[in-house]
Amino acid sequence: MLPTLADVLQLDAVRRGQPRVVAGEDRLDNRVRWVHVAEVTDIAHLLHGGELVLTTGIALPDEPARLRTYIGELSEVGVSGLMVELGRRYASELPPALIAAAEDHGLPVVMLAHEPAFVDITESVHARILQDQMAELRASEELHEIFTQLSVEGASTDEVVRQVAALGGHPVVLENLSHQVLAADADGKDPAELLSAWETRSRAVRPEQRTAYDEASGWLVTMVGARGEDWGRLILTCDAPPTPRETVLIERAATTLALGRLLDRHAESIERQAHGTIITRILAHSYSDPQEAAARARALGVPLSGRRLLGVVLRPRSGTAAPPAELSELAEAAATACKDARLAALVGVLDESGAQARVGVLASLPVRADVETALNEVATRIRKQSGGDTVMATGSVVESIRDVRRSFLEAEQVADVACRGSGGRLFYRLPDLRLRGLLHLLRDDARLQTFVERELGPLLEYDAQRGSDLTRILELYLESGRNKAVAAQQAHLSRPAFYERLRRIERVLDADLDDVESCASLHVALLALSSVRLS
């Protein structure tokens, strides 16, 4: 950062000249780019702006009009100030015409009462300028290393934004082109206050340059995008004109964000990441105040306060862990379905790298909305896009953010059971699962586990010891309604071979598979076993 004229006046080489500001005292924050010694009046055409002009005044004219012209030309070219040494041309004070002209043009004029060595002043100021420029270069190199490392490590959007806030010491917000907040770090301040009425405030800030400071809002704003396709803005709420380091910081961060999005072609969109982060933190009770969650969601265009909230879980019907790309596509499909159905919702992938990865939807409905109608419309749209291979499960409607976790836990339990079944419902709720749902809720009960072992234990041990699949054969037989022909076909066995396996099951379990009550008990035990294993 270039030193100001006020900084220059504090240098020892200048203070030895006993400086006194005689004009433009309110402009001492002018930046000094260089020092130029000039004893001629027609010097302006040789300057480029930002110079501090030193002179003894020996060649300055006597005529007030020419003095005003001299000052006017210096001001027009943009010099930072004029420093005049007394003794050679002026004994104890400067001409009133010169001082008046400087005040009129807002040009700082400094009078040196004691004769200093101009070479000492130029050396001191230039050393300060070079020192500050080296500090800027070192800071820029440090930022380059930090953000290069973040790019190499594939840092998330939230991590990049956190780094900007930590390095800049100010709140930071990343928004999309619709002025919805994708990520934010309040830098220790109140997040709700930072994001209050965000869209309205953000739309009022429209800098003409790609990176610019908006004085009215106190925001340093830069566009984020690559290959000529901008997709967002990064904002540093610095509340004062930014330093060059802060400008480098926000531009380097924007480049990292753009590069990350460009390279990670298969990752979910940043909007989905932002939605997923909020849902995850709500479920983990990570927000110290529910109002922070509400503020962050509202900044994304999803109101949560004063609404009916509903947890929804989407999973592949197979019940197995889906690849990240498949979940990302499902999340985008769900988000599109919600938008088309005009249902405000947060939609994101939860636990993406874990075995329980799934798409979570936090639906936000008006108080008088028909939940059934809204869910039917969204589920229909999702089914059209996914081809019917997705299970959509919902929890109970809750009235506050604090209860959202309960709704999601219920939805996840329903999804676990529904994935094991073969029903064709558009979406599932706990009452829809009937016996399977009840057994799933009781899966951790020791009495249910004891029942499973009593009914199926010998058969499970037989399969484990011999590597056979009699448990699966029994399951096919009971699920087919005890239709041996259908079950044999599903097992890809001939009827005699299938019948022989049923007789072996009867011997192992000491049970009669023609007895309705025995079969009912075994079927319940198999359903319970499925729930226990799933947990």
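Hydrogens, waters and symmetry mates are skipped; everything else that's a heavy atom, side chains included, is used.
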Side chain proximity check, V32 to L2, heavy atoms < 4.5 angstrom: no

Side chains of T277 and R296, donor plus acceptor under 3.5 Å: no

R298 (side chain) donor-acceptor with L304 (main chain) under 3.5 angstrom: no

E377 vs L343 side-chain heavy atoms within contact, under 4.5 Å: no

Contact summary for F147 and V160, nearest pair of heavy atoms: CE2-CG1, 4.1 Å

Any Q180 side-chain heavy atom under 4.5 Å of E175 side chain: no

Shortest non-hydrogen contact between A294 and I401, atoms and distance: CB-CD1, 3.8 Å

Modelled atom types, side-chain donor and acceptor of T56 and E85, under 3.5 Å: no

Working for side-chain contact (heavy atoms from CB on, under 4.5 Å), residues H36 and L46: CA-CA 10 Å; H36 197 93; L46 300 176; 5.6 Å; no

S364 side-chain N/O to V302 backbone N/O, donor-acceptor pair under 3.5 Å: no

Salt-bridge criterion met for E199 and R203 (N-O under 4.0 Å): yes

R88, CZ: over 12 other non-hydrogen atoms inside 6.0 angstrom: no

Any side-chain heavy-atom pair of I71 and L82 under 4.5 Å: yes

Minimum-distance pair of heavy atoms, taken over all atoms of V164 and A253: CG2-CB, 3.3 Å

Validation row: V84, M111 side chains within 4.5 angstrom (heavy atoms): no

Distance-only donor-acceptor check, side chains S75 and H105, under 3.5 Å: no

Test item: L47 and L74 side chains (from C-beta on) under 4.5 Å apart, heavy atoms: yes

Option passing side chain to side chain contact (heavy atoms under 4.5 Å, CB included) with R315 (candidates M392, R358, E412): R358

Smallest separation among heavy atoms of A411 and G311, with atom names: CB-O, 3.6 Å

CZ/R381: more than 12 non-hydrogen atoms of other groups inside 6.0 Å: yes

CZ on R68 to CG on D104, rounded to 0.5 Å: 9.0 Å

Flag side-chain contact, heavy atom, 4.5 Å: H126 against V35: yes

Short side-chain to backbone donor-acceptor contact, E332 and L330, under 3.5 Å: no

Intermediate values then yes/no, side-chain contact (heavy atoms from CB on, under 4.5 Å), E292 and L194: CA-CA 10 Å; E292 179 181 349; L194 170 66; over 6 Å; no

With V109, the side chain to side chain contact (heavy atoms under 4.5 Å, CB included) member among I99, V53, L98: L98

Flag if over 12 foreign heavy atoms under 6.0 Å of CD, E76: no

S407 side chain vs S396 backbone, donor-acceptor pair below 3.5 Å: yes

Closest heavy-atom pair and its distance - R308, A369: NH1-O, 3.2 Å

Interatomic distance, E246 atom CD to L236 atom CG [nearest 0.5 angstrom]: 5.5 Å

Evaluation steps, salt bridge (Lys or Arg N to Asp or Glu O under 4.0 Å), between E410 and R406: CA-CA 6 Å; E410 186 177 315; R406 173 166 57 83; 5.3 Å; no

pair L67-L60: side-chain heavy atoms closer than 4.5 Å: yes

A113 backbone acceptor or donor facing R20 side chain under 3.5 Å: no

Main-chain N/O of P61 paired to R66 side chain as donor or acceptor, under 3.5 Å: no

Neighbour count above 12 (heavy atom, 6.0 Å) for R210 CZ: yes

More than 12 heavy atoms of other groups within 6.0 Å of E25 CD: no

T237 side chain vs W219 backbone, donor-acceptor pair below 3.5 Å: no

